[in-house]
Every structure is written in C-alpha cells, then in structure tokens.
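The structure under discussion appears below in the form of structure tokens.
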Amino acid sequence: MGEYLTLLFATIFVNNMVLSRFLGLCPFMGVSKKLEPAIGMGLATAFVLTLASVCSYLANEYLLQPFGLEYLKTVTFILVIAVIVQGTEMVLRKTSPLLHSVLGIYLPLITTNCAVLGIALLNVQEDNNFVRSALYGFGGATGFTLVMVLFASIRERLELADVPESFRGAPIALMTAGLMSVAFMGFAGMA
Amino acid sequence: MSDNVYGDIVTNGLWTNNQALVALLGLCPLLAVSSTAINGLGLGVATMATLTLTNLIVASIRRWILQEIRIPMFVIIIACVVTAIELLMNAHLHDLYRVLGIFVPLIVTNCAIIGRAEAFASKNNVVRSTLDGLVMGLGFALVLVFLGIIREILGYGTIFRGAELMLGPWASDLTITLASNYDGLLLAILPPGAFMALAVIIALKNKIDRVQQRRSANAVSVAVPLQSSRA
Amino acid sequence: MNKLWRFNGGVKLSGFKSLSNAAGVKRPPLPKRLYLPLQQHIGAPAEALVEVGDKVYKGQLIAASSSFISAPVHASSSGTVVELKKHIIAHPSGIAEDCIVIETDGKDEWHSSISALSNPDALDLDELRSRISEAGVVGLGGAVFPSGAKLKPTRSIDTLVINGAECEPYITCDDRLMRTRPREIIRGLLLLRRLVNPTECIIAVEDNKPEAVQHLRRAIDELKSEGIGSVSTVRVVAVPTLFPAGGEKQLIKVLTGKAVPQRGLPYEVGVVCLNVGTTAAVYDAIYEGKPLISRLVTITGPNVKHAANYEVPIGTPVQHMLDIAGADDTGGGEQNRLIMGGPMMGHVLPNAQVPVVKATNCILVEPKADVVPTTAMPCIRCGSCADVCPMHLLPQQLYWHARGKAFDKLDHHNLADCIECGCCAVACPSKIPLVHYFRFAKTEKKEFDAKAIFADQSRVRMQIREARIAQRERELEERKAKRKADRLKKKKAKAAAAAASANASVDDQDQASNGVSV
Amino acid sequence: MIEEQALVIAVEKGAVVVQTQRASTCGSCATKQGCGTSALAKGMGKGYTELRVVSDLDVNVGDTVILAIDESSLLKGAVFVYLLPLIAMILGGITGDYCANLFALNSEWLSIVFGVAGLVGSLLLIRLNPYAHRFQQQIQPRMVCRKY
Amino acid sequence: MSDNASTSQATSPFVPSSTSVGAVMRKVIYALIPGVVLYMILFGWGIVINIILASVSALLFEAIMLMVRGRPLRMFLFDGSAVVTAILLTLALPPMLSWWIPVLGSFFAIVVAKHLYGGLGYNPFNPAMMAYAILLVSFPLQLSLWAGPLDLIAQPLTFVETLNYSLFHQLPGAMAFDSLTAATPLDYLRTQVGLGQTVEAITRAPIFGLLGGQGMEWVNSAFLLGGLWLLYMRIISWHIPVAVLASIGSISGLAYFLDPAVFANPSVHLWGGASILCAFFIATDPITASTTPLGRIIYGLGIGGLTFAIRTWGGYPDGVAFAVLLMGLVVPLLDHYTVPKVFGARTDRGNQ
Amino acid sequence: MAISSEHKGMVVAGWLLAVSALLGTGLLAVVNQHSEPYIAENERIMLLRSLNEVVPIESYDNEILEDQMMVLAPEYLGSKKASIVYRARKAGKPVAVVLTVVAPNGYSGPIVLLVGIDYSGDITGVRVVKHRETPGLGDAIEIERSDWIERFTGKSRRNPGRAGWKVKRDGGEFDQLTGATITPRAVVAAVSGALEYFEHNRDNLFISNAEIQARDEEAKGLQQ
Amino acid sequence: MSVLLLTALALAFGVFLGFVAIKFRVEGDPIVEKIDTLLPQTQCGQCGYPGCRPYAEAIASEEAEINQCPPGGEAGVQALAELLGKEPMPLNPDNGVAEEGPAMLALIDEETCIGCTKCVQICPVDAISGAPGFMHTVLDVYCTGCELCLPPLCPVDDCIIMVPVEANIRTWKWSNPEAVGAVL
Ligand SMILES: Cc1cc2nc3c(=O)[nH]c(=O)nc-3n(C[C@H](O)[C@H](O)[C@H](O)COP(=O)(O)O)c2cc1C
Ligand SMILES: Cc1cc2nc3c(=O)[nH]c(=O)nc-3n(C[C@H](O)[C@H](O)[C@H](O)COP(=O)(O)O)c2cc1C
Ligand SMILES: Cc1cc2nc3c(=O)[nH]c(=O)nc-3n(C[C@H](O)[C@H](O)[C@H](O)COP(=O)(O)O)c2cc1C
Ligand SMILES: Cc1cc2nc3c(=O)[nH]c(=O)nc-3n(C[C@H](O)[C@H](O)[C@H](O)CO)c2cc1C
Ligand code: SF4
Ligand code: SF4
Ligand code: SF4
Ligand code: SF4
Ligand code: FES
C-alpha cells in the first residue's frame, strides 16, 4: 500500500504531468481561461486517462508483445484512446444527460491530448504492471486536473491585472505556468 | 490573387499563424525537448516531415475519404506516418532518438498536425497542401530551434552542443562555447525555464506585431481620418 | 434587559456635531418660489392635481399618490402654481424631473381642510394608517420609504425601534428634534405602537447626544405623570457611537441581537424601525392634521456662519437656505461643494438651485479648496475594508469584479447587500473610491438586465412579425395558387364544354382528374 | 450555480423536454482553423442531449429556457460518474494484487479481474442503485426562467 | 450628460481615508528593523550589504519598469513595497554572497514576479519568495553556503572585508570560505538524519542553541516582537500568523511525540528556521494571501503543513518559501470558496 | 428505412477504416522489417559503449554482452531486484566484471551506478547511470559535469583501505563536492559495498554460463 | 497470424468508430442560440444579414466574423469572443461605427406624416402603428432604434427623426470610476 501511495504522490505532485513532464499542455493552456471549463476538462481527462492507461497496458501486454508487434504501439494506443473516448461519451449520454451536456464537450478534445498517449507510452517505458498502470494514469490525471484548476483560477484573477501589453494573453499565462512550476519544485525529493 | 497563394501560405506558416507562437499548439514537445538547439532541431525536423507527409497523403486521397469518418482516418494516417518516422529515427539516429524520448511518438497528438489535415489538406490540392505542411512544420521547427538556442545559451553557455547526436561524431566541432567558465543559469534548462523562455518569445512577437501594426496604421492615417486604434 | 450587542466592523469618526447643534431650531423666511418634485420617495411618482395658474394653500394636496408604494405631495406654503416643468432635483445625476413650482404669496395661509383632530385616539387603525399615508409621511431617516406601507406588518411585532442614532458626522437635525420636540416624538411613538402593537418600544440614541437622551427621558416621565401610563414601556437607549450604528440592520442588531435576514425586511425578525423625524411627522399628521410639508435641515460646514438646524418648507431652493445661513459665497457659489446628507453617505448636489426635499436632512457646505484630490492606488488586498464592513462583505472582491463587470461574481459576493455605508472606502489605504464602484456596478447590472429583457422582447416581436409575414405570404401563395387553379379549371371547363359536344366520356375523366389535383 | 441554455422541444403536463446545446469547444484557438482540437471536437463531438425537466413554467415549443443546477451537486455528480468507477477499479486491482500475493500466485490476472470487476460493478451500481437514482434526481436541473 | 453631472460624480464617503499604502509598508519595515539589527550583530555585516544591494537594485528595477510601462513614478516608487520585498528576499538568502545574487534576486522579484503582472497589487506570487525559489533552483551551491553565527566562527570579517567578498569574491589572507560557514540548523538536521543519526543526538550540536538555532533564535524572537507590533497596529490580522505557527507547532509536536528519534522537537521547527518570519511577514503579504478570514486560516494551516513536510521529507532544508508559493497557488480558489456569510444570511438561499 | 442506410454507412465506414489501418500497418511492417536489425544493433552498441566506459575495451576479447549472469545481494549492491553482471574475459581468462550498484541514500533518492572491477579487485571505472540529485550541486557525479567520478579508477579495498573509503569531511580519502556532501558520501559507500561484494564472491562471479547450466542440471538431478 | 490479428483489430475499431461517427453526426450547429442571445436584437441589419438571428447563424458557420455588429459594440464583440474562444477584435468599420452616447428612438412628426405605411412594413419589431392614410406613431417602448424607417425609406424629409431616449433618474447610471480617472 505504501508503495502505491508513494507512486500516487509522485505522479500527482513530484513529477506533475504538466509542470515537470510537459504533457497535456495544449488543453492546459487552452481550457484554462475560466474555472468551470477547467474543472470539467480535468474530470473528463481523469476518467479517460486512467482507463486509457489501463487499456493500453492490457493491449500492449497481451496483444502486441506476444505477437512481437511492439512497433505498432502508437497506432494501437491512439485507436484504443479514440474508442475509449467515444465509449465514454456514449455511456455518459445514457447515464447522465445533463452531465453530458455540461461536461461532455471536453471528451472529444481529449483524443488529441498528448497526455493520454504519453502516459500510455510511459507505462510501457517504465514497465508498469496492471495496478501501477492504473495508478500511474490516475495520479497523472489528478495532477493534471489539480494544476489546471489552480491555473484557471489564477488566470481568472489575471484578467483584470495591469499586465504589460505585450505580455497579455499567452505570454503571461506561460510565465505563470513557469512560476507554478518553480513552486512545484518544492515537492522535489519527496518521493 | 492566385499568384499570391503560395506567398500567403508561407507567411502564414512562418509568422502570422505560426503553430507554436500563435496557435499555441504542440506545446508539449516544444517545451520538453528545447533544452538545447540540437534537440529542438531533431524534433522539429521530425515534426516537419510528419506534417508534410500527412498533408500530402491526406490531400491526395481526400476525394475518397468518407466525411463522417475523416477524423479517425486522419488519426490513423498520422499515427502510421509517425510510427514510420519513429522506427527510422530509432534505426538511423539512435542517439537523438533516445534524447527525444517519448516525444517522437507523441508527434501523433501534436494538435497542429490533425488541425492542418482538417483545415487545409482536406480542402486543397496536393502541391499546396504539401507546401503548407512543409512551411507550417518549418515554422514550428524554427521556434523549436530558437527556443533551444536561447535556453542553451542561458543554461550552458553554448550553442549546438551535442550536434554529434544528430549529425555524427564529426559534428561535435560544431558546438560553439560562448563562455567557457560559465556556471550556467540552471533555471533555463529546467522546466520553469522552458515556460518562461517561450513566454518571452511570444511577448517579443506580440511587440513586433504591434510596432508593425502601428507603423502601418500611421501610414494609412494619412488618407483616412485617424481612428483610435485600441486593440 | 439592557444588554446591547455589537455589529461587525464599523468606523469611529469625528462627529463635528457641535458646529450646528448649539443653536435652537430656526425658522427661515419663505423663499419666493417653491419647487416641489413629484418624486421625493421610493416608489412610483405622484400625479399632479393642479394646473398652472391655480391658487394653492399651505398643506393643500397638489399631487396624489399613484399606487400602494407612493406618497402624495402637499403645498408647503400658499401661493400660485406658476409652472409644471422639469427642474434639476437633488439627485447625484443632475437630471431634471417633473416639479410643481409655486410662487409664494408670503401669507403662508393654511388650507381650509387642515385642522387639529379633536380625538385622534379614537381613530381606528385603518384610518390612522390612511391618514399617515395621505399626509405624505415618508421615512425621514434617509430612504424616504412611504411610512404608511411600512406600518402594515404581516406578522406580530416584538419591538418598535425609533431611530435617533444619527450616526453621520455633522448632522444634528434629529438631535435638535429630540431636544425640542421630545413630547411629540413620544406621542407619535404611541400612535405607531397602536398600529404595530409591539411588546416593547425603544428609542435609540447614540451616546454622543446625552442631552437628547435626557430630554426624551424627561418627556416620558412628564407624560407618565400626565397619566399616559402606556409610556412606561418605552425605553430610551443610548447606543455606542460607531458608524453606522444608525443603519436599520445594525441598530436592530445592537438593540435586540437579531440579524435582519439578507435582503429581508425588519418585520421578519419582529421589528419595525422608524426615524425620530418620521415619528414626529406622524404626530403632526394625526394630532395636528398637518401633512409633511417641512422638515428640519442641518445647514453646516466650516464656512457657514450660522450653522444650525432650520425648519425648512419642502421645495425651498438650497441657495435660499445658504443665503440665510450665511454660507461664504465669495466665488458666486462656485467655490463650495454642497453635499446633501452627511459626509459618509450623502451626495454632491448638482447646483444650489435644487430644492430641499423630504430626504434632505443636511446640507454640508465644504470649500472646494479643502477637498484634497487623491489618486487611488491599486488594491493591495489588505482586507481593512472587509474588517470594517458592517454587512460582512468583501469589498475588495466586489471592487475587483465591479471593474470587470463580472455580474455573476458580484452576485456570488452579494453586491446587492451592500448598504453603501462607505466604511470600506474610509478604511482603504489605497484610497479606492469603493462605494463609487459599487454604485456603478449596481446601475450597470440594472441596465444589463433591462437590456437583456428588452432584447428578448424584441426577438419575440421580430419572430411574431416573421411568422405573420410568412403566414401572409403562405396565404397569398395559396390564394394565387387557387386563383390559378380556378382559372385553369375554368379554362378547362370551357374547353371541355367545347369538346363535350364531341365526346362526353372524356369530359368525365378530365373532371375527375382535375378534382384530385386541386 | 451553473446555468445552461436549452431549447424546448416538447411540452408535457408538468414537464418539458428540452434539448441542451453545447457551448464552444475550447478556448485555445486564436485561429480556429489551425486547431486540431477544434477539428476533432467538430468531427467527433456531437451536439445535442435531450432531457426531461419537471417544470410548470409556461413555455412553448421553441422557447429557449435556462436550466440551472447547483454547482456543488453537479460537482458531486461528476465525481460520482467519473471518479467512483476509477477508484473502484484501482482498489479492485490492489485487492487482486494483495490476494495474488497471499496465495503466492505469480501472475497479475487476479488483479486484472478484480480491477475490471470493480469498474464494471461500480458502473452497474451507478445505474441500478436506488441511492444513485435518488442522486440522479438530485442533480436534476431546475428550469429557472425563460431566457430573455 | 451635462457638466454638472460630472462634477457631482464624486461620490461618498467624503471623509478622507486615514492610512496609505506607504504608511502600511513603512510600518512593516520598522517592524523588521529589530530582527535585522540582531542578525547583523550575531551574523556579521553580510546582511546589511545584501539589504542595501537588494533594496537599491529593487528600487532601480521598479523605476525602470514603471518608466517602461508608463506608470506614475513618484506614486509607486516611494510606496515602500519594493523595499519590503528586497528586505524579505535578503533575509531568505545566506548572508555571505556575491553581489550579483541579491541583484539578480531583485530582478526576478520586481521585474518578473511583480511588474510582468502589473506591479503593486496584481502579482499572484509572493515576489520575494519567488525570487528566492528561482535563485535556489538556479544556484543551489551559492545558496546553501551559510555564514555561521559569529560566536561559532574563529575570525569574523569586518565590514570592509565582507564588502570585498561581496564585490570581488576576495577573502582576507589565506582564509578559506569554509571556515566562515556553518550549516543552518535545519540543513544540519537534514544531512545528519540522512546519515542515520538520531535527531536527539543531532540537536545537541552547538548550532542548535537554546531554542532551535544558535543566534537564529534571538533574531527570530525579535521578528516575533515586530510581528506582534504589526498585529497591534492592525497592519496584519491574527488569522495567518496564528494558523501558520499553530500548524507547524502542532504537527511537529505530534511527530516529536510519536517518535522523538526521527523528528525534531517543535522549538527547532519554530525557532530554527524561517517559521516566525514567515508567519508574521511573508505569509501575511496581503497581495498574495487569501483575503477572507476562513481562507486565511486555511492558507496559514497549509503553509505550516507544507513547511513541515518539505523540511522533513523534501529536497530542501527549509520549506517556507515553497510552502508560501504553493499555498499562493490555491489563494484564488480559497477566496472563491470561502466567501463569508453576509450579515443576516439565510441558511437556504436556494429559493430566492 | 433510415436505420438500414445508417447501418450500411457504418459498415462502409468500418471497412474503410479497417482497410486504411491495414494499409498503414502493412507499410509499417515493411518499415519495421527494414529498421529492426538496425535498432537491435543500436541498442547493443549503446550498452557496449557504457560498459566500455567502465572496462577498457582493449582489456578483453569476449562477447561481453552475452557473458552475463544475474545476482541478488541487497546488502552490498543496494537493490532489492536481481541485477545483471557482465563479465569480461581475455582468452578465456577472467578480466573484470561490471556490476550494477544502487546507492540508496542519495540526496534525493537512489543513485544507480555501473562499477567495473578487475580480477585483482581494482576498480576499472565507475559511471552514474541514473540519479535525481540536485542539478548544479549533486549532479557533479556525472561525468558530463565533472571528473569527480574518475577518482575511483584504480582504487581497491586495500587502497585506500577501510578507513579511507569515506569523504574527506568524514575523515576519508575522497573529495566531497562543494556544498554537497551527501551525494558523494552515498556514492563512495556504494562503490565500497560493491568492492566488498566482489571480494566475497569473486570466483562465483566468473563462473561461466556453461558451468552454471551444468550446476543447475546437477541440482535437478540431485532433486530427482 | 499477426496480420490477421491486426486486421481484426482495425476492423473492430473501424466499425465502432464508423458507427459512432454516423450515429451521432452533428446536425446543424448547436451554438446559434447562444450567439443569438448575445446579439443586441436591434435587428438593424448593419451586420450585413437580415437581422440578428441570421447573423448568429453566419457566425456559427464561420461565414462571418464576430466584429460586424455595431449596436453590440466592443462589449458585444468581447462577449462573442469569450463564448467562441476567439480573440476579441475591433469592430469592423465597414459595418458602421458603434455610436457613443445615449440610445436613440425614432419619432414621427405627426404633422408631416402622410400615412404611406412604408415604415410600418419595415419595422422589424412592430414598433410603429397606424393605418394607411392616417398619421403613424412610434411606440417608444418597442423601438430598438434600428433606423430602418428613416428617410430615404420614409418619403417625407424630416418626418421620421431619431431622438435620444430621455434620461431619468430611474435609468440613470453612475459613471465608471475608472473613466473619471480615479484609479490606475
Ligand atoms: C420595495 C420595498 C418594500 C418595503 N416593504 C416594507 C414593508 O413591507 N415593511 C416594512 O417595514 N418596511 C418595508 N420597506 C422599508 C425597509 O424596511 C427600509 O426601512 C427601507 O428600505 C429604508 O431602510 P434604510 O434607510 O436602512 O435603507 C420596504 C422597502 C422597499 C425598498
Ligand atoms: C449606513 C446607514 C446609516 C443610517 N443612519 C441612520 C441614522 O443615523 N438615523 C436614522 O434615522 N436613520 C439612519 N439610516 C436609515 C435607517 O436604516 C432606516 O432606514 C431608518 O431608520 C428607517 O426609518 P424611516 O423609514 O423612518 O426613515 C441609516 C441607513 C444606513 C444604510
Ligand atoms: C536546494 C538544495 C539542493 C541540494 N542538493 C544536494 C544534493 O543534490 N546533494 C547533496 O549532497 N547535497 C545537496 N544539498 C546540500 C545539503 O543541504 C548540505 O548542505 C550538504 O550536502 C552538506 O553540507 P556540507 O557540504 O557543508 O557538509 C542541497 C542543498 C540545497 C539547499
Ligand atoms: C504585511 C506585509 C507583508 C509583506 N510581505 C511581503 C513578502 O513576503 N514578499 C514580498 O515580496 N512583499 C511583501 N510585502 C510587500 C508588498 O506586499 C509586495 O511588494 C507586493 O507583493 C508587491 O506587489 C509585504 C507587505 C506587507 C504589508
Ligand atoms: S459600503 Fe458596502 S461594502 Fe463598503 S462597508 Fe458599507 S456595506 Fe460594506
Ligand atoms: S482596504 Fe482598499 S486596498 Fe485594502 S483590500 Fe480593501 S480595497 Fe483593497
Ligand atoms: S448589426 Fe443589427 S441586425 Fe446585425 S446583429 Fe447587430 S443588431 Fe442585429
Ligand atoms: S420605429 Fe424605426 S427605428 Fe424604431 S425599431 Fe421600428 S424601424 Fe427601427
Ligand atoms: S502537444 Fe498538445 S497537448 Fe501536448
């Protein structure tokens, strides 16, 4: 259990997906202008990412490797992800139409989120097993959500700040991400 | 205007609609592998190749793609192209491949690529699409290299360190050392430095654009009564 | 029994009350003209009942109230109606609104209907209430809410609070009123008590007005000795001097410990609260039969020679009062800034020609030279403003979102609950005009909502119109088609008739097919 | 309070059927044309969701109305739908792992089976559980007003 | 609208505010003085040189940025906030440094963390702490060499010698830099725990002094005094300092109670590092802290907890700066979710 | 009616995707065919290169990559997992081994080292494979950052002797890094541990694979 | 074997994706409604479309830019930009300039009106009433100030003019403190 908690802590804070692994930056920059969408995107990503992490692990371990097809992992993973996204969309629409209409818009965006593919590939690289894959995905996604929500809340505050003209918009957002990354270095060495 | 189409494609890709600076797409590889100029160059070239090839393929088969499933089709095409490039890099540029890590396969999810396929290649002819892919890729690669150069200078005090990774052992002479006993501003090569450097580059671009805009506005204002141009 | 509570925040201010509270109430000479705005209260404007040229008498009804929440206007002196026109009124906007202008004849003749009531205590409650309303009594504590409407509580009342706190600096009109007419105030209170039937009555006075407390207590004793036993349940309570102790919600908290619900009214916690001036006006309306045609106004300020309280007929131009009080006007009136109300909650008058209205409790004359222009700095989020906010709001957040006109956020931070007391702005080290921002945001929001409703209306009207046009077109089309078909039919019929002679059976078939196609 | 616009497509007694509409995709696109994300959202994301809302507001087919749900209950709902299955899956996997260790099995099939069981089980739970039903009711939106 | 209208737009209150930003910042500086003076007496001249370098350069950067951005110079340059930032930054740095480190720190604090965000009032991150964190990750070597307390050092430097070191990196004669330095208590604790020693044994070392740090304990006590004065002057509210100290104290107390061999005693945590300075001067930075009462308490508790965690398990000997920065990230959310109930708030607001 | 046309579209779409996937994978199969050998060779070279940094290439002549065995010695080698040992031989005679050693107590986490030790117990080279020490401080143990790690070459159990296997601050022989004592301390301890392990197991470490197999079989035989 | 496996995989995924793509195809653009609510509903046609809704449709289909509605002003562009995730841009001067100052209303001079009914027919919100041959009146609570009824549509010069909406204390607004120069 301790090992799992450490893994979770490490993926959420120490090796934060966005701030130290550089994954999922496009939605991080794109869907963080307002708080609510950021929460929605974060939750949706958490779901898909964890599932994708597990499924691509299974696909790799029990389909590709036995047949020596590792070189197809990128293609396979991206298809797995696309299918998971679509499946989630369908299930969500059936079980909770309202959530679907409020949060469902973020689902298709996730397919091109390199975090999802990145985690799947890192799983292979780090030789994770089933449980570790799940935790790896979950932790990474939680870290992603956390950072994105914080980032969005700060960006909302920046909207009215007297930022120098050239820095308005993307530059100050990136600068903020950089400074957040400095702050997150405080977790260094903790796992 | 048609003779200008190619010119437009070029300025669009390199400046006005630069994928990295304006559209803010493909940020992950941009920030992750730009700690040195050579790394940036390596991934930039790979991305450029992918963009060009996918645009070419998509444009040439665009007539046969079923509208409803065009997106999954694009995804498959891109994934295959990237995998091919990945395999070739692994075979022939192994050292560089190792440095770039998972960011080579991650070109698949570089939003810019599917974006160009959808927005340009599926609507234009092969020549234009290929040019568009090439130029968009070049625009991306240039930013990557530029960012790499800045971070490398600040962080290591060198330019083109590790050129041998890409070009073979002879290229280690290409490395230019600007300050030999330079401690290095570690920040520049750490994650925060990547964000901050890109922030400064984009701010610079904004500034240049604004200055240019003001200049052209001034030029126009001779003819037209001045309008308050508060963007 | 005598326990007092505290409200959150508040600021201690220098009172500057001695400037004007030394002298007794003065009665100024009549102005040449009176300007009586039709709207001097919250609610719908009154409707004028007089025409230009009409002769009017003091106390005569000249504009009637138009709905439940509204108040009538009475002539404050005798004379002739010379104009019905828009005149700039005492409002921060400087906008002109409808006024009845009376040229006074100097006789100050009462209207024949005005006479003291022989036995007011015999009036039944409804009549009492309607007399108060008909007398044009509105809240004189600042909000000018028609008092009649307030005196019809829908639940049982525990406490009747008479607000004599007068927490604003400079203002002393309530102080003076309590000193000069304590008996009337208490008898007015007793009338109100009949109306709302509370278990206890409290007259609250800030403890910086000991004389007023004394006078009131003495009056109670007198009345008691005169055999009005019910007076014994009336208490005069001195509350700590802390702005805005006079605010209704704060005062109720201090006196009873109860919090008036958010966006609710005092009666929801069993309290009715009226100003002492209002109470005196109720007395006048019932016992003397006099409508509300004058009020006490404090004219004060560093450059006013005879700073004091004046009994001013409603409608008197402010300039008239300044002349009488001897305000320094060496600059032709330009060198002074005129504030109606106190320095915390009042507003600048657009000019000195505006008339005194029912809400005018004070004219504060400040030399413009004394006004130090300050530039605001950015908010440093120090929280001093929140510390002093009596409503537990977060002024710094409200300010931030007011700048961005983020209406949903303003709602989240309860902008609507701000009573505009000004404590936050006084406490702010960055000297941000916070209250100005809140007022701005409130009116912006109002306009935004109004625009949204108007846009919706327009959309619907547009849709209706389009539907109508489409309908008409369809009808037109149909008619045209029908006409065409008819014509065709006729033609065919003609042809058929021509052919009928040749072949009758073909004709039948033709008819049938025609019938189907129509 | 999160507000959503919806279009009334049918009026029943005491209830209306509305179609909610999706807002923009993502904010990243300074230039929408170049963005793969928006391309994807367009190509794969589907527009409408229909739902029934209990309401006695006087509305007609074709009206736009505002639906509102409490932010916190929506959040709860989202956690319920998105996170519960994941946590169930992970806990299932860990249990499986633990059991495998207990019986000294050198294979992760047990944890896979347990994990999948957790996932599927919790999904079914969400669908079948009476509490979940009540919960679904709770996150039913209210129709607050006609859109002006 | 008419001219009249615009003149009457000035709105109440017409009572001028009694304080100003400058007055607030000046009081903070006064409150820091006793601690700084003690620091100088106990640890040598370095701190003075650094404060001067940092303040002058901070004012310079402030002036340059104000000019570049076209903002009024006078009003902002003399509001004192840049000096507060500079002093707090310097207090976080080791006292013996090359001149360019405090100057670079001022650059990051004033230009990057403050003015890129719009200057006074708009910066979401604590400038002093951000600058310190950036310096720490960029120059870990220089920033981990601390001058020891003078009474543990054989031959203290004079002012001129210190200045000479700062500007030219020269030490008198054959003196080695190492002889001037000593690990800070928390650093020593970390490294020794890493060696497997018990905390009890470690904290008997001379640098731990009476309460948790030779010399440092007096400096911190002076800061405590200054902080209490600020509280009394109502420049800061009690929520943050109490929350920070309470959480550091109670968490470390609990840990110490559970296993005194592994965890240091609470007084080391409170007096050995920057806890007190943080509680009264850094975490209370109004601009980057939460503004609601409940938010401030959570913010303070979070800082305390993170500080303890980073000190105990993290990669840095003292976690104060990172704790402040990390909790700073949460401030907008705290502000949003801890809006106090309005006076007279109804319990259910749903039906209105 | 609508359903059936929808169905048809679906199937067509499915086939189209399937065909394109097939084409794509076919293409990839070809590319893979081409690059597979190169990749394998690259990986071999990479490994060889790092081994050669700790064992000079001219000192051995066997296929060092093939000559490997697994060992598990947590108390000496610091890792709870079995790790690979490569053996260098010249003309069949044992020359050196390359051990993977983990220094568990680095400043921020474990440090993984390759340690080459020749048959006589002298170190032929040490390299850091993986670490998370502070950039700019602890990372001077990397060969790219400083030559500190080279100091180990030629040292052995007796040179400098038990007391010397410490950093200078602790009274030993090895320089500490300025401002970072923990990292070198951990590395020194780990290398020392590796030497000790080598001393105890030298002959076992050089058993050839054939011998191991033989021994295994023997054991099996015994069991039966 | 592996080829077989892959084909199967691709086929399965392909069918699924195809199914999803076709089953849930986007019908129409759902965002029109949202855009429409952000437009001022003045229905003036300055955007180049016959009314606000058509313009909303044009924006949704990316035929039109978001900066073509002068009555909405910069604030309107801002709101649209936020909704659509685009960068705000200045109003397109080709569509006319956003008018500063008070809102305007049409007023018909009852003396000169000849009762031609042209204005009745064009008014998009039915704000004009009158019968052929009789004088017409603008119902000022409905008039959006779109100016469509002005001459040259109205054949009589100066018959229909635009007058500012009269300010009163109920619609009056406090000024923006920032504009007054209070704050930096
Ligand atoms: C729309 C409206 C309705 C009111 N209705 C009542 C009422 O029914 N009973 C009552 O006692 N006061 C009523 N009031 C008056 C308030 O209680 C309060 O006295 C008035 O707003 C002035 O208070 P203030 O000067 O503290 O702002 C009403 C006020 C408003 C604006
Ligand atoms: C901040 C603030 C301060 C007030 N101060 C006084 C005051 O000192 N005296 C007073 O009679 N009313 C004061 N009022 C008005 C009261 O809230 C309340 O409206 C009044 O007492 C009700 O009585 P009325 O309807 O007779 O005016 C104040 C209101 C506010 C918002
Ligand atoms: C940010 C930071 C990072 C550090 N990183 C390391 C490191 O990676 N390795 C290390 O041995 N010491 C590191 N240290 C230094 C230790 O805290 C300690 O100062 C040192 O190891 C022992 O000090 P000494 O050399 O004076 O004995 C770091 C210190 C700081 C402040
Ligand atoms: C009580 C108080 C504490 C402060 N603490 C800090 C601080 O920790 N760091 C800092 O850079 N500025 C601090 N300042 C100064 C000022 O708030 C800071 O320069 C702003 O963050 C710059 O916009 C403080 C000011 C006050 C009044
Ligand atoms: S004016 Fe409003 S926000 Fe300011 S203190 Fe008064 S009630 Fe609070
Ligand atoms: S008092 Fe002024 S500076 Fe302080 S938080 Fe409030 S608004 Fe901001
Ligand atoms: S320009 Fe006129 S018609 Fe077009 S959207 Fe704006 S208000 Fe509507
Ligand atoms: S009356 Fe004229 S200006 Fe007013 S809405 Fe109708 S057409 Fe437009
Ligand atoms: S490149 Fe777009 S999310 Fe990573």
Side-chain angles (χ1 to χ4, degrees), chain C residues 7-8 13 88 92-95 169 249 253 259-264 337 339 341 343-351 364 366 371-372 374-375 377-384 386-387 390-394 396-397 412-414 417 420 422-423 425-431 433 435-436 439, chain E residues 1-25 71-72 75-76 79 81 118-123 234-237 239 284-293 295-296 331 335-347 349 352:
Chain C
F7 62 91
N8 181 62
L13 299 165
I88 294 180
S93 61
I95 286 176
K249 296 184 172 190
K253 168 83 186 190
V260 177
Q262 183 184 13
R263 285 166 226 185
R337 177 168 78 174
I339 296 166
M344 291 299 284
M345 300 190 50
H347 59 83
V348 174
L349 289 176
N351 61 35
L364 175 57
E366 279 190 331
V371 181
V372 196
T374 51
T375 0
M377 289 184 76
C379 168
I380 56 166
R381 294 163 49 91
C382 65
S384 307
D387 290 345
M391 295 305 291
H392 297 209
L393 299 176
L394 295 173
Q396 75 278 39
Q397 300 290 77
H412 178 74
H413 284 96
N414 302 304
D417 289 293
E420 301 178 14
C423 293
V426 168
C428 175
S430 286
K431 310 195 191 302
V435 181
H436 192 169
R439 290 178 170 152
Chain E
M1 234 145 278
S2 67
D3 277 353
N4 283 335
S6 67
T7 53
S8 63
Q9 283 285 300
T11 172
S12 63
F14 302 105
V15 178
S17 153
S18 51
T19 54
S20 69
V21 175
V24 170
M25 296 296 166
R71 296 293 180 272
M75 189 164 130
F76 285 106
D79 65 17
S81 68
L120 181 74
Y122 296 116
N123 48 306
R234 291 174 161 261
I235 301 294
I236 58 179
S237 73
H239 307 80
T284 51
D285 174 14
I287 291 157
T288 55
S290 175
T291 64
T292 70
R296 282 173 175 168
V331 162
D335 281 353
H336 186 258
Y337 286 109
T338 59
V339 177
K341 283 219 160 61
V342 182
F343 177 72
R346 295 172 197 261
T347 36
R349 276 184 58 204
Q352 196 47 51

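If you're wondering where the values come from, they're calculated on a predicted model, not measured in any experiment. Order of the sequence lines fixes the chain letters, A, B, ..., with proteins taken first and strands second; residue numbering starts at 1 for each chain.
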Item to check | Part of C/V426 within contact of chain E (heavy atom distance under 4.5 Å) | outcome: both
Checklist entry - For C/L364, is it the side chain, the backbone, both or neither that has a heavy atom under 4.5 Å from a heavy atom of chain E? => result neither
Checklist entry - With distance as the sole test, does C/H412 use its side chain to make a donor-acceptor pair with the main-chain N or O of E/H336 at under 3.5 Å? => result yes
Item to check | Contact origin within C/I380 toward chain E - heavy atom pairs under 4.5 Å | outcome: both
Checklist entry - How many angstroms lie between OG1 in E/T11 and CD1 in C/I339, if you round to the nearest 0.5 Å? => result 10.0 Å
Item to check | Residue part contacting chain C, namely of E/V21, when any heavy atom lies under 4.5 Å | outcome: both
Checklist entry - Are any side-chain N or O atoms of E/S17 and backbone N or O atoms of C/C428, one a donor and one an acceptor, separated by less than 3.5 Å? => result yes
Checklist entry - Does the pair E/D285/C/R381 count as a salt bridge with the N-to-O cut at 4.0 Å? => result no
Next on the checklist: Determine whether a donor-acceptor pair (N or O, by modelled atom type, separation under 3.5 Å) exists between the side chain of E/S12 and the backbone of C/M344.
Outcome noted: yes
Next on the checklist: Quick check on E/S81 against chain C: is it the side chain, the backbone, both or neither that has a heavy atom closer than 4.5 Å?
Outcome noted: neither
Checklist entry - When rounded to the nearest 0.5 angstrom, what is the spacing between SG in C/C379 and CG in E/L120? => result 9.5 Å
Checklist outcome for this item: The interface call for E/R234 against chain C, heavy-atom contacts under 4.5 Å, is neither
Checklist entry - Relative to chain C, which segment of E/A289 carries a heavy atom at a distance below 4.5 Å: side chain, backbone, both, or neither? => result backbone
Checklist entry - Which one, E/S20, E/P16, E/G121, leads in non-hydrogen pairs under 4.5 Å with chain C? => result E/S20
